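Keep in mind that this is a model prediction, so the values were computed, not measured.
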Amino acid sequence: MTVTALARSCGLSRSTVLYYESIGLLRQVSRTAGNYRAYGERDLARLRQICVFRGSGLKLEDIRALLDGGHSDAASVLERRLNEIGTEIERLRSHQHAIVRLLQKRTSFRRNEMVTKDKLVGIMRAAGLTEDDMKRFHKEFEKSAPAEHQEFLEFLHISGDEIKHIREWSRE
């Protein structure tokens, strides 16, 4: 069979089969009169075994050792790869937990760094605004953008009851 037919029979690309041949996982085969590679059943069986090992996550050098070295050390190769996969899973879980912690800190960081009602009132007073000026501010905010006014009050960490009270007198 041709390289393309061999590749298709295993669900691989032609270039993958040629690569396996170039690194010695597959043997160099004879060529037909038309200069095509001619693979046989033995090559197909070996390629299928390579696909099984690759599907199990084995590295190409381990596959070579299993195929060329016989099955005497197959268990040790498989156990080593199993341990490597376990280590990799632990590393990925560690990354996953670190990302979750960063996301949690980012959320709490944003909350901790926000301006509070007391800080804003202090800034407004320092800028010369009176109680009446601040009330006009809230009334205009409530009239022109009520949903954003609600968000703004929540942003200032004002309690739900106080927000309700501010919004009620802002509508008067």
Side-chain angles (χ1 to χ4, degrees), residues 1-117 119-120 141 144-160 163-164 167:
M1 79 180 66
T2 65
V3 66
T4 302
L6 181 67
R8 284 185 184 153
S9 68
C10 292
L12 299 172
S13 69
R14 180 181 182 278
S15 60
T16 299
V17 172
L18 293 174
Y19 176 70
Y20 289 168
E21 186 179 311
S22 75
I23 63 170
L25 274 180
L26 288 175
R27 69 181 177 95
Q28 301 253 333
V29 294
S30 59
R31 294 186 174 253
T32 65
N35 203 26
Y36 290 101
R37 289 174 173 83
Y39 294 96
E41 288 300 317
R42 190 176 76 159
D43 301 307
L44 177 60
R46 185 170 172 105
L47 185 57
R48 284 185 175 149
Q49 189 62 54
I50 291 169
C51 290
V52 167
F53 288 144
R54 286 297 285 159
S56 299
L58 292 180
K59 299 173 184 174
L60 294 177
E61 59 267 17
D62 290 335
I63 294 171
R64 180 189 324 280
L66 289 174
L67 293 175
D68 295 343
H71 295 289
S72 61
D73 63 341
S76 65
V77 169
L78 293 171
E79 286 174 6
R80 187 185 78 241
R81 183 61 185 141
L82 184 61
N83 289 333
E84 290 172 354
I85 291 170
T87 300
E88 188 174 336
I89 289 171
E90 286 177 24
R91 184 179 55 81
L92 291 172
R93 280 198 180 119
S94 174
H95 290 177
Q96 190 177 42
H97 292 300
I99 289 170
V100 167
R101 283 191 305 273
L102 287 171
L103 288 171
Q104 289 170 341
K105 285 182 181 178
R106 191 194 88 207
T107 302
S108 66
F109 174 75
R110 266 192 288 161
R111 275 192 233 127
N112 290 338
E113 292 297 315
M114 291 183 187
V115 176
T116 64
K117 173 190 169 190
K119 286 181 185 177
L120 182 63
F141 204 163
S144 63
E148 289 82 1
H149 189 219
Q150 173 76 27
E151 282 184 47
F152 176 72
L153 295 171
E154 290 171 0
F155 171 82
L156 295 174
H157 297 283
I158 297 173
S159 72
I163 289 174
K164 183 179 175 187
R167 291 192 70 203

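Contact between Val3 and Val17 at its shortest, heavy atoms only, is CG2-CG1, 3.6 Å. Of all heavy-atom pairs spanning Arg54 and Leu58, the tightest one is NH1-O, 3.0 Å. Minimum heavy-atom separation, Ala74 to Leu66: CA-CD2, 3.2 Å. For Ala38 against Val29, the heavy-atom pair with the smallest separation is O-CB, 3.6 Å. What you find for Ile158 and Ile163 is that their closest heavy atoms are O-CD1, 3.4 Å. Contact between Tyr20 and Leu60 at its shortest, heavy atoms only, is CE2-CD2, 3.8 Å.
Asn83 places no side-chain N or O within 3.5 Å of a backbone atom of Arg80 that could act as its donor or acceptor partner. Not a single donor-acceptor pair under 3.5 Å links the side chain of Ser94 to the backbone N or O of Glu90.
Within a 6.0 Å sphere centred on CZ of Arg27, other residues, nucleotides and ligands contribute more than 12 heavy atoms. Arg91 CZ: more than 12 foreign heavy atoms inside a 6.0 Å radius. A 6.0 Å sphere centred on CZ of Arg8 holds no more than 12 heavy atoms belonging to other residues, nucleotides or ligands. A 6.0 Å sphere centred on CZ of Arg42 holds no more than 12 heavy atoms belonging to other residues, nucleotides or ligands.
A distance of 10.0 Å separates OG in Ser30 from OH in Tyr39, rounded to the nearest 0.5 Å. For the atom pair CD1 (Ile50) and CG (Leu26), the distance works out to 4.5 Å, reported to the nearest 0.5 Å. Taken from CD in Gln150 to CZ in Arg167, the straight-line distance is 4.5 Å, to the nearest 0.5 Å. Note that the CG atom of Leu67 and the CZ atom of Phe53 stand 5.5 Å from one another [nearest 0.5 Å].
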**Request:** Begin with the C-alpha distance, continue with both residues' side-chain angles, and end with the deciding distance and a verdict on side-chain contact (heavy atoms from CB on, under 4.5 Å) for Arg64 and Ile23.
**Result:** CA-CA 10 Å; Arg64 180 189 324 280; Ile23 63 170; 4.0 Å; yes
**Request:** Please step through side-chain contact (heavy atoms from CB on, under 4.5 Å) for the pair Leu120 and Phe152, ending with a clear verdict.
**Result:** CA-CA 11 Å; Leu120 182 63; Phe152 176 72; 3.3 Å; yes
**Arg48/Val52 under side-chain contact (heavy atoms from CB on, under 4.5 Å): CA gap, chis, key distance, verdict** = CA-CA 6 Å; Arg48 284 185 175 149; Val52 167; 5.7 Å; no
**Message:** Determine whether Tyr19 and Leu25 satisfy the following criterion, side-chain contact (heavy atoms from CB on, under 4.5 Å), listing intermediate values before the conclusion.
**Reply:** CA-CA 9 Å; Tyr19 176 70; Leu25 274 180; over 6 Å; no
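At least one side-chain heavy atom of Leu18 sits less than 4.5 Å from a side-chain heavy atom of Arg37. Contact annotation: the side chain of Glu21 approaches that of Gln28 to within less than 4.5 Å [non-hydrogen atoms, C-beta and beyond].
Counted by atom type alone, Ser15 and Ser13 present one or more donor-acceptor pairs between their side chains at under 3.5 Å.
Of the charged side-chain nitrogens involved, at least one lies within less than 4.0 Å of a carboxylate oxygen, so that Arg81 and Glu84 count as a salt-bridged pair.
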